[in-house]
Structures are given as C-alpha cells and as structure tokens.
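In what follows, a structure is listed as structure tokens, so that the remarks can point back to it.
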Amino acid sequence: MQNLAETCERTAATTKKLEKVAIVAEYFKSTAPAEAAVSAVFLSGRPFPVWEETTLQVGGALLWRLVQELSGRTDQELTAAYRRLGDLGAVAAELPDRVGTGDLARPSVLAVQAAFRKIAAARGPAVKGAGVRDLLSQATPLEAKYIIKIMTGDLRIGLKESLVEEAIAKAYGTTLPEVQRANMLLGDIGETLRLAADGKLGQAKMRLFHPLGFMLASPAASAEQALSYFDNALVEDKYDGIRAQAHVSGDEVRIFSRTRDEITESFPELPDALAGLPQDAILDGEVVAWSYLATESGESGRALPFSALQQRLGRKKVSDQLMRQVPVAYLVFDVLYAGGELLIDRPLSERAKILDGLLTGRSSERRARTPGLRQGKLVFEPEEPSLSAQVIRSPVSQASSPEELDQLFEAAQARGNEGLMIKDPESVYTPGRRGKSWLKLKRELATLDVVVTAVEYGHGKRIGVLSDYTFAVWDGERLVNIGKAYSGLTDSEISEMTKWFLEHVVDDQGFRLMVEPKIVLEVAFNNMMRSDRHESGYALRFPRIVRLRPDKLPDEADALERVEEIYLKQ
Ligand code: AMP
C-alpha cells in the first residue's frame, strides 16, 4: 500500500493532467496486474468496483472517533488539525508512526481490499470500527492517509476515473476509446485494467443487471441557442423526478439510480409494470410522481413536481398506503440494449423506433394490468390503480425553429413539467458523459434573498477559508434557516467574507461558527420542497449563491411568505 500511497502523493503534487497520467501509468507498469487492478479501483476514489454495489457503511463520525483514538488527540486538537488540513485522511497522516519499527506486517493493496470487504460485511459500528482500527494500526501514517481517503470516497489528488482510464491505455499500449468502452460495459475499472494487461479489452461484454453510466445533458440558455447545435430536434418534456435505468429480462427487473445504486425496492410497483417485455432490455427514463386523474386538457394523467415524489425516496420498505398516496409512473425515453444487442452506437432516431416497438410489444396480459381491461374483457373489480404503476413512453415531438421550441416549452410548462429536453436525432448514447447532443431548457425559478446565519470551513482548496454558508429567511421577527450553499462566490469574495465573519462570530461551535446575521446573499435553486431538515420547514434543491447583496440590509431579505408563494407556484 505504501507504493500506491506514494504514487498518490506524487499525483497530488502536480496540477498537470498529463503528468498525473504518466505517474499512474508508471505505477501500473511496475506493479503486478492483480494488484494494479485493485489500485485502479482505489485510484478512482472507491473501495469497490462500481458494479459491485458494495458499500463500507462506515460513517464520518466513526472514522473521526477512530482517528482521534489512535492519535491520542483531544477533540479540539483534532478539530484544529482538520480545519488546517481540510480532510480526515490528511489528519491521519499526522498520526504517530506506530509501525515504523517494521515488526508488523504492513498491508498490501490486496490486503487493504480484503480488509475493506470484511468491514463492509461486518454488522454494527462496533465490529466495523474494530475492523478499521485493525487496518489503520498496521498502516504507516501515509498509508493511513489514503486508506481513509478511499473509505470516504474522495482522494482529492485531482485524479478522476477518466484519467485512470488514460493511464491504463498508456501503461498497456492500448487506445483510450477501447479502455473507455470496456470500463463502461463492465463498470469495473479493475477488471478493465486486467483485460488491458492481457491485451483482451475486446472481450468486455455488457452485463445485464449491472448499471451503465447515464448520458447527461447540457443547459441551453434559449431556444435559439439550443438549435445552434443541430437544426432538427427531437423534443420531449423534461420531467422532474429521478433518473432510472431499468434492466429487464422476462420477469426479472432491476432498477438503478443515476448514482448506479439499485432502487428497485423503493418502487415495488415498477417491476411488475416492466416485466414481460418481448426482449431483454435496458431502458432509460425518469420515475415521477404521477397523478392518474384526467386533466382538463384531456390527458389521462400528468407528472407531479419533484416535491411530491420526495416522500417515496430513500425507502427500503414501501407500504401499500404510501404507494396509493404517491403513485409513480416510469417515463421511458431511451433504450440502450435490446434483444442481445447493445444499441448505444445507434442514432437516437433508431433507438426511438426500437423503444416504441418494445413498449407496444409488451405481452397483452401485462398491459391489461392497467385497470379496467383484462384479457380483452372489462373487469369490474380492477386492481387498484395506484398499486400498479404505468410505464409510459415519453411523448416525442419534432422542432426545427425557435418558435416551435418556444411553443413546446410553454405547453410543457402548462403540463406542470420543468421545461424541455432537446435531443439531436443523429446522436449516439454516451454513458456518463455530458455533451451537446442533449440539451435542457428549463424555467428559472425565482431567486431568494437570504441572510447568512452560520459558516463553516471549506474543503480541498477552500481549506482555511469560510466558504460554506447556512442561510435563513424571516419568519416574522425571527430568522429561520432554509439551506446551505457552497459555491458561487469568487475566491477573493470568499477571503473577504472570511475576514468579516471571523470578526463577527457570536458562537463558536467547533465545526460551525454562528455569525451576526448581517450578510445578505441572493441564492438560486432548482427546486423547493417541504422538509424538516431546516427550521423554515422548507429545503432548496441544488442551492447556489448567485451574488452577494451588499446593497441590501438584512431586514430586506425575503420572508417565509415569499418562500411559500414560490413553493405553491412550482
Ligand atoms: P438536470 O438534472 O437538470 O441536469 O437535467 C437532466 C436530467 O433531466 C436527466 O438526468 C433526467 O433525470 C431528467 N429528465 C427529465 N426528462 C427527461 C427526458 N425526457 N430526457 C432526458 N432526461 C430527462
């Protein structure tokens, strides 16, 4: 593990991508493939390959306690070191070197992964903690630094998985696209390295039930701008739910989120609705909260805003009652694999036709699960609608002028959707990449003027500056917190604000400094939801600071009434 840790240090020491890639490639070449393979996973900032879906389940608080225990430091000393260094791994590097004498066997990379597996399998914080303690006490301070960084999923050495792919290509003399493709299909950068080392990248095969990366969209500022990338567009509503990739083989169905976690259990009504496709398939779409009531404009139902779906998220067990309260639908807009063939290299226009065929080809018995009709006969006691979800092909229109796009945009908003997705009919599906083949055109929600009530030190290059701000709105005479934001200000603004905040602390809570409520910020967000996370009873989705508002007094910040107004409008 020492070699790998030293490689990480050298990688962190340069800002040049090419140098980083060369350092990692050199390490791969000088390391046996089995060990290099596990290192590739670690270098991507993960304890386990993506497809495995294994997680350590070791929380930050537990790690904090262990580092404190091993270092013999007080909480205050550790807090000070953490503030200075910005992450717990770096703090651990300052632990006393208990293994310097060399009488203990130091862990190899393979041994570290074996220890990670044991920790992942262990139940309860006590047993997990013992596993982590064992591992750390065999490690040198430098090894401990990177073991902790891998456990927390953030190496902070400026290395992304894409650079590890480059290093693999360089180390084993293959091309980057070959490596990328194998990694995309396998979801395992370690296995990809092993194949590259053997000259067998071509053997990488798609595995059903192992999630692929999701194709991402770029924002478009206007209809004109959207059409500057391609002049004929396939256009769909942008639904506000959660992205979901469904893998279907006969009656077996598994659904994965954008973070490639399995979420089938959160939507027990979906597998049934998806089972029985005429071919094995991987579908891409959005799970949304759905109103099954016919609309005034004659549609048989419509998507509800994200806030409605929220109650359904992150649950392992979903009661029938909740399924009835918040019914969902799966809006499908793409197909990545069908009938044994990977379709991602086909143009969207072709994939769209294949998708239409797949969804209309569902076995009649399955389709008849929609209430009312079963096997061609009217059923008087239909299944309860909300207990069987709908799989709906996302409707597609064509547009080739900004005027047409604007009309579609208004219609989408009138249906309560977020805006439009504008797609190039010629485009291939690029897993995990954000390009200009998919564009999103969204309505800007109103911004809020808020008052900063508490601040925290940042991470990474924001070590030592107060860059994380908790902010509030007025509830009568009282300020109630509504969110927290990290990004948006320039470095010089942050350093100026840091100075000001340090001079206006009202309560030092260690991690958090409560400050005088004087600074007004304008914040933007994608969405607003009800939540008891903050005192206001609301939370913002993806909040970001638009600008400082030194022109406003704290009294002029927004009040809860305005928040409610925005919430109701969305
Ligand atoms: P954003 O999350 O704002 O970056 O927007 C991209 C997301 O919009 C995707 O990841 C999907 O979850 C979602 N989305 C909603 N409707 C569609 C659609 N018709 N096509 C593609 N993505 C969609």
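Treat the numbers as computed from the prediction; the structure is a model and nothing was measured. Counting convention: from 1, in listed order, for ligands and their atoms alike.
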[atom] [closest protein heavy-atom partner, distance rounded to 0.1 Å]:
atom                    : value
atom 11 (C) of ligand 1 : Glu286 OE1, 3.0 Å
atom 22 (N) of ligand 1 : Phe333 CZ, 3.4 Å
atom 10 (O) of ligand 1 : Arg243 NH1, 2.9 Å
atom 15 (C) of ligand 1 : Tyr239 O, 3.0 Å
atom 2 (O) of ligand 1  : Arg258 NH1, 3.7 Å

Between [Y] and [X], does any NZ, NE, NH1 or NH2 come within less than 4.0 Å of an OD or OE carboxylate oxygen?
X      : Y      : answer
Glu161 : Arg46  : yes
Arg243 : Asp284 : yes
Lys149 : Asp154 : no

Hey, looking at atom 18 (C) of ligand 1, which of Arg541, Met421, Lys440 has the closest heavy atom? Met421
Winner among Glu236, Met215, Lys238 once heavy atoms are compared against atom 8 (O) of ligand 1: Lys238
Step by step, would you call Thr175 with Glu178 a side-chain hydrogen bond (donor to acceptor under 3.5 Å, both in side chains)? CA-CA 5 Å; Thr175 65; Glu178 280 177 292; 2.9 Å; yes
Of all heavy-atom pairs between Tyr239 and Pro395, which one has the smallest distance, and what is that distance? OH-CD, 3.4 Å
With a 4.0 Å cut-off on heavy atoms, does [X] reach ligand 1?
X      : answer
Lys423 : yes
Trp438 : yes
Asp237 : yes

Any chance CG of Leu176 has more than 12 other-residue heavy atoms, nucleotides or ligands included, within less than 6.0 Å? yes
Does CD belonging to Gln407 count more than 12 external heavy atoms closer than 6.0 Å? no
Please identify which of these residues, Arg415, Arg302, Lys442, meets the salt bridge (charged side-chain N to carboxylate O under 4.0 Å, His left out) condition with Asp237. Arg415
Decide whether an N or O pair under 3.5 Å exists between Lys442 and ligand 1. yes
N or O pair under 3.5 Å between Arg434 and ligand 1: no
